[in-house]
Protein chains: 4
Amino acid sequence: MTEKQEKILQAALELFARDGFSSTSTSKVAAHAGVSEGLIFRHFKNKEGLLEAIIKEGEVKARTLFADIVLESDPKEVIRKTIDMVLNISSNRADLEFWKLQYKIKWETEKYGEHKMEPLHLALTSAFTKLGYVSPELEASLLLIINDGLATRIALQKGFKCETLTSFLKEKYQV
Amino acid sequence: MTEKQEKILQAALELFARDGFSSTSTSKVAAHAGVSEGLIFRHFKNKEGLLEAIIKEGEVKARTLFADIVLESDPKEVIRKTIDMVLNISSNRADLEFWKLQYKIKWETEKYGEHKMEPLHLALTSAFTKLGYVSPELEASLLLIINDGLATRIALQKGFKCETLTSFLKEKYQV
Amino acid sequence: MTEKQEKILQAALELFARDGFSSTSTSKVAAHAGVSEGLIFRHFKNKEGLLEAIIKEGEVKARTLFADIVLESDPKEVIRKTIDMVLNISSNRADLEFWKLQYKIKWETEKYGEHKMEPLHLALTSAFTKLGYVSPELEASLLLIINDGLATRIALQKGFKCETLTSFLKEKYQV
Amino acid sequence: MTEKQEKILQAALELFARDGFSSTSTSKVAAHAGVSEGLIFRHFKNKEGLLEAIIKEGEVKARTLFADIVLESDPKEVIRKTIDMVLNISSNRADLEFWKLQYKIKWETEKYGEHKMEPLHLALTSAFTKLGYVSPELEASLLLIINDGLATRIALQKGFKCETLTSFLKEKYQV
DNA sequence: GATGAATGAGGCTTCATTCAT
DNA sequence: GATGAATGAAGCCTCATTCAT
């Protein structure tokens, strides 16, 4: 991966996250990255290919992020980390950008990519089971859905502060 | 509103909901509506104007939908209806399309439009207060966030069935 | 067919005949026709579509040209007219351009389009039969091949004068 | 001439012959030859230079091909060999490709290159003179034009069999 | 009100070519 | 000699929009 390739990816990530995939032209990406437009196609073949490269990089990022939760043995910690995950993301500029893009892509392409969430879902189900919840699987689903809702607000609602809500949630789950 | 105007709006709604705003060209809208492309501009001035018309129609729809909840006096009913709202939407093809568009627009324009939700938030806060919840406002926020999460899943996760989850929620809230 | 449509066709005919299909850009065609480039695509869909439109117009032209020969009953006249056909073409600027294009396209697309020649071939075969030639079908083929060869020279050999050769041929065939 | 240079020339010959000069990109040539694109420019300076190299190679090939005819003393043999030349070409895959390219280039660049044909024309004129033909020069021209016509058919008319016609010609000329 | 011709700007992509390594 | 990164120009085509009818 050359230096300019990285620049292109970074520029695309920023612009796709800000303006959406189809509203971002390759020429804008090139200008933002400070490279010629043709270079995008030499390295990524397509505008689509550029998107795929970003997504692929994202999956690596997501896996490492989830790994910490999935490998946790303390059930309370699993839940706490799941809740805090969204909080952490919202407080880091680069992470926020990255996750906003993930959701934007989902809405533009209408693919949820639930398989990526499966390990997290399993870990949560197991955690709720250990804690004696009556419907552990549904509890797990609900928590992930809450996360989706929080992500929506963080990305779209200007000035939304999620700390109060994540604190509230941690209290609720006693974690 | 002439017949052709309605046709244009309907076509635009369908295409914007399916492919997104910026991925839908005015020529596609015209073709789908069976009218000339120029007519779109005569009636709605802009592509943007077309979108605004759709959003405006949406606000009316949303208001009538929310009215039933907001005017409810029984607090348990307020919560139940809020939960069921998303269920009802998911089971009606036209409604689903309409709401999908609303969320798609939110993600494309990054405007959440929280003011539309305010009456609902108030009604829920009041309901949770009446039921003696410790943090009624946060409970209200959480429920609306859950709704956002559910909407995300309904729109994006192929084959997602929300009945189990809405039942689970109603049980949780004992409504 | 609007005025601008005709202009586009005419410009395309000229440029395709002069520079070849793939060496002629749609922007050049537009400039030569004095219209906006987009108009080409509104009327002909494609660069390919533009070519097809030209070819279609050509087939009509070719049919009327051949009709005069095919409907001739005097066998000697059939042969004479076939030979003179190429002479006539070479002496008319517009016709020359048109036929040059036909051959250029053949060489660019590698489709000979023999079906168009079939009626002529039949008429010639019949003529040579009536005149008592031993191998009338082969004679017909030969004459058409000579025509192809003459066309090649007329189009490509700067300063080639075909009158001497067509006179020579008419003498040979005693027509 | 290094090995890679030959590979490039061979690849270019094939692609130019198949798709034409301007429809063949240097990147396609490089890919087909299995070399880097830059190498083409190091060795041949230009895309044009590549074409010239091919043409130059062609002239050598053509000269050796013509030499056998030109040096022939028996007039009947001169004519027979001229007729058979096109037959031989059509039966050899590599030769066919090579000659197709020659004609394609002619039609793309509109340069007939009649000087290459001059020795052949002279040899034929002399042969027809020796055989007592009335218009030996015109006969020579005609035969070469027939060859052009045959070449056109061989290259463009799928399934064209030239044996019957060359036999017919040899009979006609009693060679 | 309604059409469809017309346009200029911009979209994605490929091209021939250069240059550092 | 050979590669592959890099580029600017150009290619085909679509876009939103205007205007005469």
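Everything numeric in this text was worked out from a predicted model, so none of it was measured.
In this structure, A:K7 contributes its side chain and A:T2 its backbone to no donor-acceptor pair below 3.5 Å.
Looking at which nucleotide of DNA chain E each of A:E37 and C:K4 is closest to, the 5′-most match is held by C:K4. Taking for each of D:T2 and C:G38 the nucleotide of DNA chain F with the nearest heavy atom, the 5'-most of the two is the partner of D:T2.
Atoms CD and CZ, from A:Q157 and A:R153 in turn, are 5.0 Å apart once rounded to the nearest 0.5 Å.
Taking every nucleotide of DNA chain E with any atom under 4.0 Å from a non-hydrogen atom of chain A, the first and last of them, 5' to 3', are E:dG11 to E:dT14.
Sequence neighbours left out, not one pair with a member in residues 33-59 of chain A passes ring-ring contact (aromatic ring centres under 6.0 Å, His included).
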Passes side-chain contact (heavy atoms from CB on, under 4.5 Å), C:L50 versus C:L9? Steps please. CA-CA 7 Å; C:L50 180 55; C:L9 274 177; 4.1 Å; yes

Assess the residue pair D:T152 and C:K106 against the criterion (side-chain contact (heavy atoms from CB on, under 4.5 Å)); give the C-alpha distance rounded to whole Å, side-chain angles, the decisive distance to 0.1 Å, and a yes or no. CA-CA 9 Å; D:T152 303; C:K106 282 179 192 173; 6.0 Å; no

Please list, one pair per line, the donor and acceptor atoms closer than 3.5 Å that link side chains of residues 53-61 of chain C to other protein atoms, with sequence neighbours excluded.
none

Using a 3.5 Å cut-off and no angle test, enumerate the donor-acceptor pairs between side-chain atoms of residues 93-102 of chain A and protein atoms at least two apart in sequence or in another chain.
from: A:K100; atom 1: NZ; to: B:E110; atom 2: OE1; distance (Å): 3.3

Please table the atom pairs, donor to acceptor, closer than 3.5 Å between any side-chain atom in residues 32-40 of chain B and protein atoms at least two apart or in another chain.
from: B:H32; atom 1: NE2; to: B:E14; atom 2: OE1; distance (Å): 2.9
from: B:E37; atom 1: OE2; to: B:T26; atom 2: OG1; distance (Å): 2.8
from: B:E37; atom 1: OE2; to: B:S27; atom 2: N; distance (Å): 3.3

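Under the rule for a side chain to side chain donor-acceptor pair (under 3.5 Å), the partners of C:S23 that lie at least two apart in sequence or sit in another chain are D:S22. For C:F21, the ring-ring contact (aromatic ring centres under 6.0 Å, His included) partners two or more places apart in sequence, or in a different chain, are C:F16.
Residues A:A151 and B:W107 come closest through the heavy atom pair O-CH2, 4.3 Å.
Under the 4.5 Å side-chain criterion, counting only non-hydrogen atoms from C-beta, D:E108 is not in contact with D:I105. D:E6 is not listed as a side-chain neighbour of D:Q10, based on a closest heavy-atom distance of 4.5 Å or more.
Atom CZ in A:F41 sits roughly 14 Å away from atom C1' in F:dT7 (whole-Å rounding).
The stretch residues 43-51 of chain D touches DNA chain E through D:N46, D:K47, each having a heavy atom under 4.0 angstrom from the strand. A heavy-atom distance below 4.0 Å to DNA chain E is reached by these residues of residues 15-36 of chain C, ordered by number: C:V35, C:S36.
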Would you sketch DNA chain F in dot-bracket for me? Only Watson-Crick or G-U wobble pairs with both distances under 3.5 Å count, crossing pairs as [ ], other-strand pairs as |, the rest as dots. .||||||||||||||||||||

